[in-house]
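The analysis underlying the following values was restricted to heavy atoms, covering all of them including side chains, and did not include hydrogens, waters or symmetry mates. Throughout, protein chains are lettered first and strands after them, A, B, ... in sequence-line order, and every chain is numbered starting at 1.
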Amino acid sequence: MSLLTPNSQVCSWTQALDNPGSLATYVANGGYQALRRVITEQMPGDTIIAELKTSALRGRGGAGFPTGLKWSFMPRAFPGDKYIVCNSDEGEPGTFKDRDILRYNPHQLIEGMAIAGYVLGARVGYNYIHGEIFDCYDIFERALSEAREAGYLGDNLFGTDFCFQLHAHLGYGAYICGEETALLESLEGKKGQPRFKPPFPASFGLYGKPTTINNTETLASVPWIMQHGGQAFLELGKPNNGGPKLFSVSGHVNKPGNYEVPLGTPFSELLEMAGGIRRGHKLKAVIPGGSSAPVLPGDIMMDCTMDFDSIAKAGSMLGSGAVIVMDETVCMVRALERLSYFYYEESCGQCTPCREGTGWMYRVIHRIEHGLGRPEDIELLNSVAGRIGGHTICALGDAAAMPVQSFLKHYGHEFEHHIEHKRCMDGTGH
Amino acid sequence: MATLNIEIDGRALQVESGDTIMDAANQVGITIPHFCYHKKLSIAANCRMCLVQVEKAPKPLPACATPVTDGMKVFTRSEYAVSAQKSVMEFLLINHPLDCPICDQGGECTLQDLAVGYGGSSSRYQEIKRVVVEKNLGPLIATDMTRCIHCSRCVRFGQEIAGVMELGMAGRGEHTEIMPFLANQVASELSGNVIDLCPVGALTSKPFRYKARTWELSRRHSISPHDSLGSNLEVHVKDNKVMRVLPRENEDVNECWLADRDRFSYEGLNTAERLTQPMIKQEGQWVEVTWQAALEFVADKLKAIPAEQIGALSTPYRPAEELFLLQKIMRGMGCGNVDHRLRQSDFSLDSKAHGGFWLGMPVTYMSRLNRMLVVGSNLRKDHPLMAHRIRESVRWYGELNLINAHDDEFLGKVHAKRIVAPSQLAATLAGVCVALAQLKELPVPDVAVRGIVDDIARKMAQSIAGGGQGSSGGEARAVFLGNMAQHHPTYSQIHMLAQEVARLAGASFGVLGEAANSVGAVAVGAIPGCGPLGQPAIKGLNAQQMLSQPLRAYLLLGVEAELDTHDPVSALNSINAAEFVVVMSPYKGKSLDYADVLLPIAPWTETSGTFVNTEGRVQSFSAVVKPLGETRPAWKVLRVLGNLLGLAGFDHNDSKDVLRDALGETPTGSVQAFLTNEISGVSVLPPQVIDGLERVAEVPIYQTDAVVRRSHALQMTLDAALPVARMHSRLIEKLGLQENGRVSVRQTASALTLKVQRDDLLPENCVRIPSGHPLTASLGPMFGPITAEAV
Amino acid sequence: MAKPDLNDSQRLSAESLALIDVEVAKYPVDQKQSAVMGALRIAQTECGWLKPELIEYVADYLEMPAIAAYEVATFYNMYDTQRPGRHKITLCTNLPCMLMGAGELGEYLKKKLEIGFGETTEDGRFTLKEGECMGACGDAPMCLHNNHVMHTHLTTEKVDELLETLK
């Protein structure tokens with residue numbers, strides 16, 4: 001395995017090697033070659049953006065926005081400061097892929113960010129890391145030191161006049177900072193409260209300067225694309241869904257973990273790679289793209305392939321590629337209660353519908369779970385969720401609403417049962 | 001700016017590119033419900049109440065934050081929009097206590113008003129409501145934080161207008177709470193504005209708490225008498241009593257704001273100290289008499305004393321009509337002994353001036369200055385809302401330079417500053433003047449020849465004169481003199497130097513008016529050098545001359561001699577030595593000791609009158625309540641006194657007649673034509689030399705005038721703390737004093753013991769002790785030598 | 001901004017201040033406030049929790065309003081503005097962890113420590129907190145010890161072992 005071998009292990013190839021996160025391992029296997037070439041050949045930014053567009057690389061953080069297009073929004077000729085920011089604030093329940101890139105392949109991210117800095121005209125970059133993975137922050141800080149010492153970061157890289165400095169910023173326990181403008185506020189030393197857009201970060205970002213924000217996996221894919229070309233990356237996936245993708249599989253499978261497979265891989269294959277449903281149980285439901293994505297019944301999932309378009313067609317979202325697998329023992333009321341608590345707990349509190357509505361939904365679901373549900377609660381929940389969705393500055397409002405709506409849509413009968421019988425349906429829950 | 005064509009609720013209109021939907025709707029009078037949006041604050045878009053439907057948008061958009069685009073079609077009242085607005089209202093109300101019957105905001109509450117249109121008749125929320133712990137924000141602002149809807153206006157006000165973030169939103173999500181840090185009080189001199197900004201009853205007026213319902217109050221217009229801005233007021237009255245004061249919006253003056261001094265001073269109107277009956281002292285006893293008896297007594301006494309032995313003094317906080325009649329009486333009697341500049345100590349400009357000193361520009365310009373130099377000013381406390389305008393200039397990348405005798409926090413970025421002992425103010429300014437001349441390669445003005453250039457002088461010179469080369473040359477520059485400069489013993493030098501600095505830099509030159517009617521008093525001739533509008537008139541003694549040696553009689557209009565004068569010790573000595581003292585005042589106060597006649601005159605709420613603000617804006621007002629007891633408007637008192645003295649020209653029917661008599665048919669035009677800061681012929685004096693320590697004094701913000709001194713709530717604020725002696729820690733050490741210990745200080749008269757407070761931002765040879773305060777009245781003049789020793 | 005008088009007990013060690021300076025150096029010179037998250041973390045690591053005077057000290061050090069630093073300290077839930085026990089155990093109970101038995105583990109911990117979530121043992125040794133997603137769901141269930149050390153693949157036996165090592 002190396003960065004020079006064009007296979008589907010775009011981000012996770014180092015994990016098969018000794019000392020996977022070290023500079024030595026990375027460089028010995030082709031690391032930083034793309035950066036060197038881009039900089040020393042003074043490759044035009046437009047060429048690189050065109051390559052990204054060819055690759056059909058779509059943002060790996062959840063929204064799936066085409067990366068090349070995003071980069072093209074940046075006013076690259078703007079004379080003042082500009083920033084490239086990496087979003088490693090991975091806190092969406094079910095998602096744990098960026099953690100592995102930080103742990104096992106930090107230099108590929110650094111290289112990707114340096115290339116981004118070169119293209120976007122940013123001399124400084126920040127990587128915002130989820131607060132709870134302090135060990136990964138440490139590892140990444142060490143990788144930054146290695147890169148600085150080896151001359152991959154700093155002034156006059158490779159003897160050119162290109163300078164790029166990169167820093168790590170540790171979050172400290174706020175899911176909302178995964179939202180890109182909340183992340184910028186947090187980087188500025190404030191509460192992580194999302195900004196209203198427009199203006200978008202490309203024109204008014206960090207410290208009011210043009211800023212591009214990409215997910216860890218997205219940026220880490222850039223060196224590979226520069227090494228092998230956009231077309232090769234595209235061919236690893238399917239049209240409009242270029243490349244492989246890291247899928248974080250958690251829940252009731254035998255081998256939870258990250259699996260980097262081409263976009264378009266059937267869900268059934270991914271499930272098999274993750275060791276299948278735990279012994280003696282059968283698939284009940286899957287949340288295919290992190291907790292904010294609508295839940296889908298297992299049989300619908302078994303007909304899906306893992307790419308943005310297929311999952312969207314089935315009524316959910318590929319999101320960050322976090323696949324939460326639930327077997328038949330799961331009480332869907334209890335599962336939704338916990339997810340609702342999460343959004344209630346993590347709402348930043350600025351927009352009225354989310355601040356007030358997430359607590360309302362949680363309290364109603366909590367009541368139902370604890371045998372105090374009322375027949376009108378289901379309609380109430382649907383209504384409150386509908387009144388939050390689309391009415392807030394950021395997507396957390398929608399993210400809180402969608403699980404409620406989808407759980408009620410597919411598993412309404414379990415909620416009705418809870419309300420009527422004040423306990424879980426047979427075979428589920430406790 | 002491109003013009004865009006859009007449509008709101010079917011109405012086609014043209015708007016500027018960059019406008020929001022809210023801006024556009026406001027232009028055509030379409031009201032979009034909102035809470036967090038405020039035209040003077042940054043856009044938060046967090047309440048979500050202003051969600052509207054925009055054609056082709058996938059979801060409702062907040063009108064306050066969404067820029068218009070060409071061809072946009074907006075629907076603010078469609079079913080889709082109203083449904084979004086109703087959704088938000090439901091969420092706002094679920095945790096709101098709905099305690100309108102016991103809420104002071106009831107009847108003037110945005111939430112209450114909008115809930116009528118957008119709220120349901122019953123709540124679907126059956127869970128327990130949120131309760132928020134109360135906060136104590138100090139004596140001015142009452143809190144009921146459970147009512148808070150988290151619009152964040154109060155937080156943004158602190159950050160963006162007051163310049164200090166005293167309130168924050170701590171916590172997260174549903175548990176977010178507005179609070180100060182720890183148990184801090186809100187101390188900004190503009191804090192009361194959050195009461196107006198709060199759209200619900202979370203922040204209300206503490207002095208007004210439970211005093212009246214909004215619908216019981218009549219609203220009457222007035223003008224604030226407390227500083228030279230002349231903030232426009234809406235005075236709320238019930239049962240002939242002022243219940244509260246709110247800002248009346250005037251974009252050219254106070255915008256929509258009020259300083260706390262203007263808002264809460266009304267508490268001083270209804271105190272037991274009010275004088276409500278004319279009184280004469282007979283054999284050491286005060287006897288209440290009729291107006292007729294009192295005025296005849298005064299007239300008889302005055303007739304018996306040579307006019308040049310009578311001194312007429314007024315505070316600059318009295319209306320122009322009164323000041324005019326006071327000087328008219330004096331000059332009618334054949335003497336020009338009249339003045340209002342009670343805190344001034346250098347009057348040598350009286351013969352050099354060509355008109356009245358003023359701001360030199362409209363007040364609104366102060367918000368958009370690029371380069372500023374302010375000399376000798378306690379900006380924030382002396383001119384709270386003008387300081388806000390200067391902060392606004394600074395926020396727009398204006399450069400502020402300061403020369404001052406203390407380094408109180410300005411709450412904005414300061415480009416360069418020089419903190420020097422008061423005796424060095426002129427020399428420091430001369431240094432800047434020389435640096436400017438060098439920079440511009442122009443001759444050094446005579447007045448500045450002794451100026452010494454150093455790095456800071458050079459930096460200031462470059463700042464004031466800089467810029468403009470590359471740009472279109474549209475730099476707005478200004479040099480301002482503050483109250484301390486005007487009170488200073490070398491004011492004439494400072495004024496001349498500032499004029500030269502401004503001339504060399506191509507800047508406007510302004511004098512920040514000390515008091516509500518500083519400009520008006522000069523315009524109506526309440527100075528010894530000339531009559532109304534600079535007309536030649538009988539000359540006389542200035543305030544210092546009148547007070548430094550006793551005259552036989554004094555006519556005092558609103559003056560509290562121990563608090564309103566530059567040197568209260570010599571003022572009281574002279575007044576006490578006089579054989580006849582008439583005090584016209586709304587209050588008894590210390591004048592019970594030294595007056596022979598007390599005449600109850602109306603505070604500004606009980607009389608009509610006029611204040612001319614520092615930009616020359618003539619603002620007339622009517623009485624908002626009837627005079628208390630036997631109180632009478634002072635213009636009427638003085639008119640009758642004129643009649644009793646047998647003087648001609650005292651036949652005015654109302655205060656408008658008086659104003660016409662003073663300033664002609666077009667007061668504004670007359671005043672504007674009269675104003676100029678230009679002086680000439682000031683001779684160069686050697687620099688002041690003070691060996692040893694010197695005093696730095698300012699008038700505390702809540703000691704400026706008689707009404708403010710009696711406002712209970714204002715006197716409870718941190719700004720009204722007892723006077724202390726502030727000194728540099730090295731001086732404390734040198735004198736063998738202890739921080740927070742006691743020090744004995746002495747100027748010309750008796751010694752005074754004060755608490756020592758460390759202030760390492762002061763020059764090391766200075767002791768800073770406020771003036772205008774009862775505790776320090778025994779000390780002496782505002783500037784000059786002072787000794788300090790351990791007790 | 002006037003610096004408050006801070007007695008020695010509220011100051012941070014030279015080591016911590018040096019670490020804070022490293023954070024400050026990451027950001028533009030006129031953006032010191034950006035370092036507040038790192039500075040508060042470093043201060044908390046040294047002092048155990050963020051008492052108000054410490055927040056004020058950090059705010060002054062970074063030339064920002066104390067209330068703005070307090071906003072940050074109360075917004076991010078890994079900061080402790082109430083004094084926790086010596087060992088803060090934050091157990092993730094979010095859905096992926098719940099599917100792997102975090103709920104039962106939580107009950108086990110509560111019973112064993114005789115405290116509920118958000119509480120501290122009487123001897124001040126342990127504080128138990130319910131955490132949100134830590135971004136390591138593949139290793140569920142998991143907990144954090146004093147914010148910075150993650151323990152994964154928890155079982156009741158592993159919990160027993162962990163508690164045993166934390167004195």
Side-chain angles (χ1 to χ4, degrees), chain A residues 173-177 181-182 190-199 341-367 372-374 376-377 379-381 383-398 400-401, chain B residues 18 20 35-37 42-51 57-62 64-67 69 80-81 83-96 111 123-130 148-152 155 159 165 168-178:
Chain A
Y175 164 69
I176 190 60
C177 292
T181 56
K190 303 172 190 162
K191 294 182 292 179
Q193 295 196 318
R195 300 174 183 169
F196 180 78
K197 290 151 289 233
Y341 181 78
F342 171 66
Y343 293 104
Y344 161 57
E345 167 69 23
E346 297 292 348
S347 167
C348 84
Q350 67 173 335
C351 297
T352 306
C354 177
R355 177 183 66 244
E356 307 293 346
T358 50
W360 191 358
M361 290 197 301
Y362 163 68
R363 290 189 176 94
V364 172
I365 299 163
H366 179 80
R367 257 200 356 240
L372 297 167
R374 301 168 192 152
E376 63 272 24
D377 280 347
E379 193 197 327
L380 177 67
L381 279 174
S383 161
V384 172
R387 289 184 156 200
I388 300 173
H391 291 167
T392 53
I393 287 178
C394 81
L396 193 136
D398 307 289
Chain B
T20 62
F35 296 102
C36 69
Y37 167 79
S42 64
I43 289 166
N46 61 27
C47 78
R48 317 306 288 172
M49 193 63 211
C50 70
L51 290 174
K59 54 183 187 177
L61 297 175
C64 68
T66 306
T69 52
Y80 183 82
S83 150
Q85 293 155 4
K86 285 186 168 174
S87 299
V88 173
M89 180 55 76
E90 178 175 36
F91 289 125
L92 281 170
L93 293 179
I94 64 171
N95 273 310
H96 189 80
L111 185 64
S123 176
R124 299 193 292 171
Y125 185 72
Q126 304 293 319
E127 324 303 319
I128 291 170
K129 288 198 179 211
R130 177 172 61 225
C148 174
I149 58 165
H150 305 89
C151 71
S152 77
V155 178
Q159 293 170 312
M165 187 181 178
M169 277 179 107
R172 182 163 96 187
E174 196 186 82
H175 308 293
T176 304
E177 283 183 32
I178 297 288

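- Separation of atoms CZ (F196(A)) and CG (L61(B)) is listed at 6.0 Å; rounding is to 0.5 Å.
- One N or O on the side chain of R48(B) and one on the backbone of H391(A) form a donor-acceptor pair closer than 3.5 Å.
- Remark: D377(A) engages R367(A) in a side-chain hydrogen bond (donor to acceptor under 3.5 Å, both in side chains) (not counting sequence neighbours).
- Of the residues V88(B), L92(B), L93(B), I94(B), the one that meets the side chain to side chain contact (heavy atoms under 4.5 Å, CB included) test with E356(A) is I94(B).
- Only the side chain of L51(B) comes within contact range of chain A, judged by heavy atoms closer than 4.5 Å.
- Comparing K86(B), E90(B), R130(B) by how many heavy-atom pairs each has under 4.5 Å with chain A, the most go to E90(B).
- Both the backbone and the side chain of M169(B) come within contact range of chain A, judged by heavy atoms closer than 4.5 Å.
- In this structure, the portion of P67(B) lying under 4.5 Å from any heavy atom of chain A is its side chain and not its backbone.
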Discussion item. Test salt bridge (charged side-chain N to carboxylate O under 4.0 Å, His left out) on E376(A) and R124(B); report intermediate values, then the result.
Written reply: CA-CA 10 Å; E376(A) 63 272 24; R124(B) 299 193 292 171; over 6 Å; no

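- Salt bridge R363(A)/E174(B): present, at least one basic N to carboxylate O contact under 4.0 Å.
- Side chains of T176(B) and Q350(A) form no contact here, defined as non-hydrogen atoms less than 4.5 Å apart.
- For chain A, the nearby parts of T66(B) are the backbone and the side chain; heavy atoms of each come within less than 4.5 Å.
- Remark: side-chain polar atoms of R172(B) are paired, donor with acceptor, to backbone N or O of E345(A) under 3.5 angstrom.
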